[in-house]
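Presented below is the structure to which this report refers.
Whatever order the structure lists ligands and atoms in, that order sets their numbers, starting from 1. No hydrogens, no waters, no symmetry mates; every other heavy atom, side chains included, goes into these values.
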Amino acid sequence: MAVESRMDKIVGLCKRRGFIFQSSEIYGGSNGFWDYGPLGVELKRNVRQAWWADMITLHDELTVQPGAPSTFDMTGVETSIIMHPQVWKVSGHYDLFCDMMVDCRACKSRFRADHIQSSQCPQKPSKCPGEHDSCQLTDPREFNLMFKTTLGAMGTEADAAFLRPETAQGMFVNFKNVCDSSRVKIPFGIAQIGKSFRNEITPRNFTFRSREFEQMEMEFFCHPSHSLAWYQYWRDRRYNWYINLGISKANLILREHAKEELAHYSVGTADLEYAFPFLGPGEYGELEGVAHRGDFDLRSHSEGKLKKEGESLVVEQGADGKPKYAGSGKDLSYFDDQTRERFIPHVIEPAAGCDRATLAFLCEAYYEDEQPDEKGVMQSRVVLRLHPRLAPIKVAVFPLIKKEGMPEKAAELYRDLKQAGIAAAFDQQAAIGRRYRRMDEIGTPYCVTIDGETMTAGTVTVRDRDTLEQIRLPMNEVVGYVQGKLRG
Ligand code: GAP
């Protein structure tokens, strides 16, 4: 019998316990699309909230940074998924956001040209595309990854629009609106979390490469002469965000792109990469990119589509000598009223994937071990060691037995926890050991048991998922105890 891989076990747990399901599964599934179940939706919401808190609500930069006062503004927006089509022409996505693909005329499959060696031809026995005698591969052709739709009832080519392939452009086109409405001063950031869509040719590795996914992106606008220092700052800060939420240093790397890897506008890019279990030893997959984008985006949206000429960026001309795709013509420069200087801000962009971060947290948290049950017999256990802030349920309340007033007492505590805004569960089914294991498997960090002593002395036991340590506390201190743990 084939041994189940670590990744297969994680995917199995996600389905069995309601974290992640294949989209439209009862119809055979939809490739590259995923649904988050009752626990998954809470986990992902916690990832989103942890990001938003770190980037926006709780962002409190007390160290004086280059060109910044002791604090700086971090703002948020939520922009539309379908934007003016010119946005994608000017940004370069319309012309350049392509993968090279190869079709097989025999089996009608499509493969990414750069993934042929790691792809499988659907014919049996399994081989790489092109290795069967009957394979008929075409030459590589460009395939744009943007999903196309049409606006309005006519549905003609003139009504064509695109689902956004990144959230970033929503921030660039609103730069002036945010400056004019919010009295922000450079340096400052605009962030958003939202869905993006890419018609990936080979979606794979569970949610890692999907066709619909969520991004958490922030555009940080700063003075050009401070931009390199800010680039370093955001790279390090983003690395620490993952570490502080439980990713181990052994599994996370920060990889600077080599010069030839950089996009035409980029001065520097670093990827945060994680050792996902579906990869081979020593291999890492991208979690997030932190890019120094120079003034490329604001200048393009002002002047038109830019291209590199020598060391500088110039507006790209069409065959008729006019700008290939004109920008908005709006002035997107910034005037510093203290230094009396006008300039186009440079942008540092940490661009993370919410689904990839959620998957990395799940992979990191998955452990198997053996623990004694209440009779001292060793039982195998699956445990998700999720950071308490990410865990979908923070605390479970168990009455030891279903009588002697214990269920009522447990219900009282359960309600107090919920009213304090703490995600709690109530479970009175099966032996206590089985209840613990059910909670360990979904990453619940604390389990509280109501027993005989609760009824006489008002105390409960609190069991820690990771250390398995049990302490006794007065029941009326449980809410404060859990709140303290979540804050800490
Ligand atoms: N604005 C820059 C940008 O979009 P990107 O590297 O293409 O950069 C940023 O995307 C992040 O979005 C990636 O690091 C990854 O976490 C996530 N992402 C990109 N494509 C994805 C896909 N097909 N499925 C899931 N997540 C994806």
Q) With respect to atom 5 (P) of ligand 1, which of R198, M216, E219, E166 exhibits the smallest heavy-atom separation? A) R198

Q: Record the part of L287 in heavy-atom contact with ligand 1 below 4.0 Å; permitted values are side chain, backbone, both and neither.
A: backbone

(Q) side-chain hydrogen bond (donor to acceptor under 3.5 Å, both in side chains) for D355 and T358? Distances and angles first, verdict last. (A) CA-CA 5 Å; D355 306 87; T358 303; over 6 Å; no

Q.
Both conditions, 6.0 Å and 45 degrees, for the charged tip of R238 above the ring of W241: are they met here?
A. yes

Q) What do we get for R211 next to ligand 1 when only non-hydrogen atoms under 4.0 Å count, side chain, backbone, both or neither? A) neither

(Q) Please report whether the ring centroid of F206 lies less than 6.0 Å from that of F208. (A) no

(Q) I need the full list of ring pair (Phe, Tyr, Trp, His ring centres under 6.0 Å) pairs touching residues 293-315, with sequence neighbours left out, sorted by first then second residue. (A) H264-F296, Y265-F296

Q. Going by an N to O cut-off under 4.0 Å, is there a salt bridge joining R385 and D369?
A. yes

Q) To the nearest 0.1 Å, how far is atom 17 (C) of ligand 1 from its closest protein heavy atom, and which atom is that? A) G353 CA, 3.7 Å

Q. For atom 10 (O) of ligand 1, what's the nearest protein heavy atom and its distance?
A. Q215 NE2, 3.2 Å

Q. Hey, which atoms in ligand 1 end up nearer than 4.0 Å to a heavy atom of A168?
A. 1 (N)

Q: Quick one: look up the protein heavy atom nearest atom 15 (C) of ligand 1 and list residue, atom name and how far away it is.
A: R356 NH1, 3.5 Å

(Q) To the closest 0.5 Å, what do you measure between CD (E142) and CG (N144)? (A) 8.5 Å

Q: Below 4.0 angstrom from a heavy atom of E217, which ligand 1 atoms are there? Numbered from 1 as shown, please.
A: 1 (N), 2 (C), 3 (C), 4 (O)

(Q) Show me which atoms of ligand 1 lie under 4.0 Å from any heavy atom of S210. (A) 22 (C), 23 (N), 24 (N), 25 (C)

Q | Partner residues of E273 under the side chain to side chain contact (heavy atoms under 4.5 Å, CB included) criterion, sequence neighbours left out | A | I253, R255, D271, Y284

Q.
Just by distance, no angles: are the side chains of H223 and E341 close enough, under 3.5 Å, to form a donor-acceptor pair?
A. yes

Q. If you count the atoms of ligand 1 from 1 in the order shown, which ones are under 4.0 Å from a heavy atom of E349?
A. 1 (N), 2 (C)

Q.
Test of understanding: given a 4.0 Å heavy-atom threshold, classify the contact between E288 and ligand 1 as side chain, backbone, both, or neither.
A. backbone

Q: For A351, take its heavy atoms, then give the atoms of ligand 1 lying under 4.0 Å from any of them.
A: 2 (C), 9 (C), 11 (C), 14 (O)

Q: Using distance alone, decide if ligand 1 has a nitrogen or oxygen within less than 3.5 Å of any nitrogen or oxygen in F213.
A: no

Q) Should one rank E286, E214, R204 by closest heavy-atom distance to atom 13 (C) of ligand 1, which comes out on top? A) E286

**Q.** For atom 25 (C) of ligand 1, the protein heavy atom that lies nearest, with its residue and separation
**A.** F208 O, 3.1 Å

(Q) Go through it in stages, so that I can follow the logic: the residues are T202 and R112, the test is side-chain hydrogen bond (donor to acceptor under 3.5 Å, both in side chains), and I'd like the CA-CA distance, side-chain angles, deciding distance and then a yes or no. (A) CA-CA 7 Å; T202 46; R112 255 176 76 163; 4.9 Å; no

(Q) With rounding to the nearest 0.5 angstrom, report the CG to CD1 distance, L362 to I20. (A) 5.5 Å

